[in-house]
Student: 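Dumping the structure here so I can ask a few things about it.
Since the model is a prediction, treat every value here as computed from it, not as a measurement.
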Amino acid sequence: MTLLQKPSTRSLILWIILIRSLVFVTMWILELNYGFRPTERIGFFFYGNDAHSYLDPIETFVDQGAFLLDGEYSAFRMPGYLLLYGIPYFLFGQEIGLLILSLFNLVIDVASCVLLFQLLVRIVRPNWAFLILIGYLVYPRIASFGYLGMPEVVASFCVLGIVYCATELQSTFKRKYIWFSALLITQLVFMKPIAVLLIPVILAHILYVFCKNSMSLSHLVSAGFSYLLIPCLAIGIWTVRNYMQFDKIMPLSSALTWTGPDQGFRSFCRRTGLEFQSWHGDDARAWFVPNDHYWYNEEFANSNPFPDYIYTSVYNLDSLVSLRSDWHRSIKMAADDPDKIVLEQKVEMKFLDYANSFIFERPFHFLVTIRVKLLSSFLFIKDSFSPFSQNSLVFLVIRILYFATYYFLVLGMLFTLIAGYIKRKEPEMALVALMIVVFIGSHVLMGRIENRYLLPILPLGLIGYAWLIKALIQRGLLKANIFHH
C-alpha cells in the first residue's frame with residue numbers, strides 16, 4: 001500500500017487541501033473588501049505592484065506577436081507567464097484570463113502544500129508531518145501573491161518540485177525525474193532569473209547520485225545532457241530574441257544591464273548597503289525623492305540619515321545633496337531636451353563613482369558589514385506585510401499570523417541548514433541546504449533583498465523541523481505517533 005493509499009494519509013491530505021484553500025480564498029475575499037494596497041483591480045483580480053511588468057508583455061505577445069512593456073520592446077521580465085497566462089488570455093480575454101490565472105495559482109499553491117507534505121513524511125510519520133505543515137498552511141503571504149499576478153506561488157512550487165524529483169531520482173534512478181527537474185528549473189528561471197545559479201547545483205546533485213551508484217560515464221553524460229537540454233534551449237531562444245531586438249547579449253533580464261539615474265542610485269545603495277525598498281518612507285529612496293513626492297518629508301530630507309562609514313574621500317553629505325538636486329532637475333526637464341540625457345548620464349556616473357570609491361576605500365565594510373546588513377534586512381522584516389490596516393480583533397490576528405508564521409519558516413531554514421550539514425552525506429539533504437545557501441547568498445551578494453524574493457525558498461524550512469522532530473523521537477523525548485497511544 002503506497003502512501004497515498006493509506007486511509008489516514010488520504011484524510012490528512014484532504015485536510016491540507018481544505019485548510020490551504022480556505023486560507024487562500026479567505027485572504028482573497030478579505031483583501032477585495034478591506035485591503036489597502038494601491039493596486040489596480042479588474043474583476044476579482046488585483047494587479048500587484050510589479051504585476052503589469054510580468055503580464056502586459058504576455059498580452060502584447062498574444063495580440064501583436066511582440067513582448068512590449070509600456071509600448072516599447074522589453075526584456076525586463078522573462079516570459080515565465082507565457083503559457084500560464086498567455087493561453088487563458090488568448091481564449092477568454094483579460095478579465096476571465098486573469099481570474100483563471102488566480103485560480104490556477106490557488107491550485108498550484110495547494111499542490112505545493114501537498115508536495116511539501118510528501119517530502120516531510122519521508123522523514124517523520126504523517127501525523128507529525130501534518131502538524132509541522134500547519135505552520136505553512138496558515139502562512140498567508142505567499143498565497144496573497146496568487147491573486148496579485150506575482151510569481152512567488154509558481155516559484156515556490158518549482159522549488160519544492162525540484163527537491164521532490166531529487167529524492168525520487170535517488171531512490172528510483174528513473175530518467176523522467178531528470179526531465180521534470182529540467183522543466184521545473186526552466187520555469188523557475190523564467191520567473192526568477194537569479195535562480196539560474198541553481199542549475200549547476202542541481203546538475204551536481206544528479207551527477208553525484210549517478211556516480212555514487214557506479215553508473216558508467218555514458219550514463220553520466222546522458223543524465224547531464226537530459227537535464228541541461230531544456231533550460232539551455234529555452235534560455236538560448238530568449239537570448240537570440242533579445243540580441244535580435246536590442247543588439248545586446250542578454251541571456252536573462254535587461255534589468256541586469258539597465259542604465260540611467262535610477263539604476264545608478266540602486267547600484268549605489270546596493271554597494272553601500274543603504275535600504276531603498278523598505279516602502280516605509282524612511283530609507284534612501286525617501287531621502288532622494290523630489291519635494292512633490294508623497295513620501296517627501298522636509299525634516300527627513302534635510303537630515304543626514306546615512307551611517308558615517310559610507311562616506312569616502314570622493315563624496316560626502318554635501319555631494320549627495322548636490323547629486324540629489326541634479327537628479328531632480330533632470331526629472332523636471334522635457335523628454336526631448338538634449339540636456340536631459342547629458343544630465344542623466346552625469347547623475348548616473350556620479351552614483352557609480354561614489355559606489356566604486358566606497359568599494360575601494362571601505363573594502364571591509366563592503367565585503368563584511370554590508371553583507372551582514374543586507375542579510376539581516378533580507379531575513380528580518382520590520383512589520384507583518386499584512387495588507388490590512390484595520391485595528392479590529394480579526395485583522396490584528398491576521399497581522400500577527402503573518403508575522404509569526406514568517407518567522408516560524410525563517411527559523412526552520414536555520415534548522416534545515418543544520419540538518420543539511422549533519423546529513424551532508426545524504427545527497428538530497430545536501431541539495432536542499434545548498435539551494436538555500438545559493439538562493440539567499442546570491443540575493444545578498446547582488447543586493448537584491450526585497451523580502452518577497454525570499455518567499456520561494458521559505459517552505460524548505462519545514463524540512464529542518466522534520467529532522468528536529470525525528471532527532472527528538474530517536475532520543476525518546478517525543479512520541480513517534482502523536483495521535484495514538
Student: Could you check R77 against D56 for salt bridge (Lys or Arg N to Asp or Glu O under 4.0 Å), going step by step and ending with a plain yes or no?
Tutor: CA-CA 10 Å; R77 302 291 187 191; D56 288 4; over 6 Å; no
Student: Flag the pair Q64 / L68 as yes when at least one side-chain heavy-atom distance between them is below 4.5 Å, and no otherwise.
Tutor: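 Contact flag for Q64/L68 side chains = yes.
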Student: Any chance CZ of F378 has more than 12 other-residue heavy atoms, nucleotides or ligands included, within less than 6.0 Å?
Tutor: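 Count over threshold, so yes.
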Student: Say you draw a straight line from OG1 of T60 to CG of D70; how long is it, rounded to the nearest 0.5 Å?
Tutor: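 T60 atom OG1 to D70 atom CG measures 10.5 Å (nearest 0.5 Å).
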Student: Counting only heavy atoms not in W179, do more than 12 fall under 6.0 Å of its CH2?
Tutor: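 More than 12 heavy atoms, drawn from other residues, nucleotides or ligands, come within 6.0 Å of this atom.
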Student: Sequence neighbours excluded, which residues qualify as side chain to side chain contact (heavy atoms under 4.5 Å, CB included) partners of Q187?
Tutor: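 Scan of Q187 (side chain to side chain contact (heavy atoms under 4.5 Å, CB included), adjacent residues dropped) gives L84, V154, C158, M191.
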Student: Assign the ring pair F180 / Y177 to parallel, tilted or perpendicular, where the plane angle (0 to 90°) is split at 30° and 60°.
Tutor: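 Rings of F180 and Y177: perpendicular, as their planes differ by over 60°.
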Student: For T405 and V138, indicate whether the former's side chain and the latter's backbone hold a donor-acceptor pair under 3.5 Å.
Tutor: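 Judged by distance alone, no pair lies under 3.5 Å.
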Student: Hey, does K479 have a side-chain heavy atom less than 4.5 Å from the side chain of I473?
Tutor: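 No, too far: nothing below the 4.5 Å cut-off.
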Student: Quick check against the 3.5 Å criterion: does R475 have a side-chain atom that pairs as donor or acceptor with the backbone of A471?
Tutor: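 Flag set: sc R475 to bb A471 pair under 3.5 Å.
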Student: Please report the shortest heavy-atom distance between S377 and I449, naming the atom on each side.
Tutor: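 The pair with the smallest heavy-atom distance is CB-CD1, 3.6 Å.
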Student: Please set out all donor-acceptor pairs under 3.5 angstrom arising from side-chain atoms of residues 90-97, sequence neighbours excluded.
Tutor:
from: Q94; atom 1: NE2; to: Y47; atom 2: OH; distance (Å): 3.2
from: Q94; atom 1: NE2; to: E59; atom 2: OE2; distance (Å): 3.3

Student: Kindly state each residue pair satisfying side chain to side chain donor-acceptor pair (under 3.5 Å) with at least one member in residues 406-424, sequence neighbours excluded.
Tutor: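 The answer is Y406-N451.
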Student: If you round to the nearest 0.5 Å, how far is CD1 of I19 from CD1 of I134?
Tutor: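 Here the rounded value is 6.0 Å.
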Student: Does L82 have any side chain to side chain contact (heavy atoms under 4.5 Å, CB included) partners at least two apart in sequence or in another chain, and if so, which?
Tutor: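 L82 satisfies side chain to side chain contact (heavy atoms under 4.5 Å, CB included) with I58, F61, F67, P79 once adjacent residues are dropped.
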Student: Would you say the rings of F408 and Y465 are close, in the sense that their centroids are separated by under 6.0 Å?
Tutor: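 Yes, ring centres under 6.0 Å apart.
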Student: More than 12 foreign heavy atoms under 6.0 Å from CZ of F44: is that the case here?
Tutor: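 No - once you tally the heavy atoms of other residues, nucleotides and ligands closer than 6.0 Å, there are 12 at most.
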Student: Does a side-chain heavy-atom distance below 4.5 Å link L99 with F45?
Tutor: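 Side-chain contact under 4.5 Å: no.
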Student: Within a strict 4.5 Å, meaning less than it, do heavy atoms of the L374 and R270 side chains meet?
Tutor: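 L374 does not reach R270 side chain to side chain.
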Student: Which pair of heavy atoms, one from S442 and one from L197, lies closest together, and at what distance?
Tutor: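 Shortest heavy-atom separation between S442 and L197 comes out as CB-CD1, 3.4 Å.
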Student: Between F439 and H443, what is the ring plane arrangement, given parallel below 30°, perpendicular above 60°, and tilted in between?
Tutor: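 F439 and H443: tilted rings.
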Student: Could you tell me whether the side chain of S171 and the main chain of E168 form a donor-acceptor pair under 3.5 Å?
Tutor: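 Such a contact is found between S171 side chain and E168 backbone.
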Student: Could you go step by step and tell me if I199 and Y227 meet the side chain to side chain contact (heavy atoms under 4.5 Å, CB included) rule?
Tutor: CA-CA 9 Å; I199 291 178; Y227 170 68; 3.9 Å; yes
Student: W238 side chain to L252 main-chain N or O, any donor-acceptor pair under 3.5 Å?
Tutor: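 Checked: pair present.
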Student: Tell me, do L160 and Y164 make a side-chain contact under 4.5 Å, heavy atoms counted?
Tutor: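 Sidechains of Y164 and L160: no contact.
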Student: For the CG atom of L203 and the CG atom of L198, what is their distance to the nearest 0.5 Å?
Tutor: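 The CG atom of L198 is 12.5 Å from CG of L203, to the nearest 0.5 Å.
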Student: For a side chain to side chain contact (heavy atoms under 4.5 Å, CB included) check, start with the C-alpha distance between Y243 and T239, then their side-chain angles and the critical distance, and finish with the verdict.
Tutor: CA-CA 6 Å; Y243 184 79; T239 304; 5.6 Å; no
Student: Between I469 and L131, is there a side-chain heavy-atom distance shorter than 4.5 Å?
Tutor: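 With C-beta onward as the side chain, the pair stays apart.
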Student: Testing the basics here: between V410 and L379, what is the closest heavy-atom pair and its distance to 0.1 Å?
Tutor: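 In this case the closest contact between V410 and L379 is CG2-O, 4.3 Å.
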Student: In sequence, state the C-alpha distance, the side-chain angles, and the governing distance for I100 and L103, and then conclude on side chain to side chain contact (heavy atoms under 4.5 Å, CB included).
Tutor: CA-CA 5 Å; I100 291 173; L103 294 174; 5.5 Å; no
Student: So, taking the atom named CG in L133 and the one named CD1 in I16, what distance separates them when rounded to the nearest 0.5 Å?
Tutor: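 It is 5.0 Å, given to the nearest 0.5 Å.
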Student: Please, which pairs that meet side chain to side chain donor-acceptor pair (under 3.5 Å) have at least one residue in residues 100-113, sequence neighbours excluded?
Tutor: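 For residues 100-113, and leaving out neighbouring residues, the side chain to side chain donor-acceptor pair (under 3.5 Å) pairs sorted by first residue read R20-D109.
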Student: Show me the pairs that pass salt bridge (Lys or Arg N to Asp or Glu O under 4.0 Å) and involve residues 363-378, at least two apart or across chains.
Tutor: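 Non-adjacent pairs meeting salt bridge (Lys or Arg N to Asp or Glu O under 4.0 Å): zero.
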Student: Can you name the closest pair of heavy atoms from L116 and Y136 and give their distance?
Tutor: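 Taking L116 first and Y136 second, the nearest heavy atoms are CD2-CD2, 4.0 Å.
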Student: Do S53 and L69 have side-chain heavy atoms sitting under 4.5 Å apart?
Tutor: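 They are in side-chain contact.
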Student: Using 4.0 Å as the upper bound for N to carboxylate O, is an ion pair formed by E152 and K192?
Tutor: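 Looking at E152 together with K192, the answer is yes, because their closest N to O distance falls below 4.0 Å.
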Student: I'd like to check L184 versus L188 (side-chain heavy atoms, cut-off strictly below 4.5 Å). Are they in contact?
Tutor: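 The answer is no, as the side chains (C-beta and beyond) never meet within the 4.5 Å cut-off.
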Student: For the CZ atom of R362 and the CZ atom of F364, what is their distance to the nearest 0.5 Å?
Tutor: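 R362 CZ to F364 CZ: 13.0 Å, rounded to 0.5 Å.
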Student: If the plane angle is over 60° it's perpendicular, under 30° parallel, otherwise tilted; pick one for Y54 and Y81.
Tutor: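 Taking Y81 first and then Y54, their aromatic rings stand perpendicular (interplane angle over 60°).
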Student: Can you name the nearest heavy-atom pair linking L220 to C211, along with the distance?
Tutor: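 Closest approach of L220 to C211: CD1-SG, 3.5 Å.
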Student: Just wondering, more than 12 heavy atoms not from Q474 lying within 6.0 Å of its CD?
Tutor: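 Yes.
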Student: Identify the two heavy atoms, one from S267 and one from A355, that lie closest to each other, and give their separation to 0.1 Å.
Tutor: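 S267 and A355 have their closest heavy atoms at O-CB, 4.4 Å.
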Student: Report the distance from atom OH of Y147 to atom CG of L106, rounding to the nearest 0.5 Å.
Tutor: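 The CG atom of L106 is 11.5 Å from OH of Y147, to the nearest 0.5 Å.
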Student: Side chain to side chain contact (heavy atoms under 4.5 Å, CB included) between L137 and W15: does it pass, once the steps are laid out?
Tutor: CA-CA 10 Å; L137 287 177; W15 276 109; over 6 Å; no
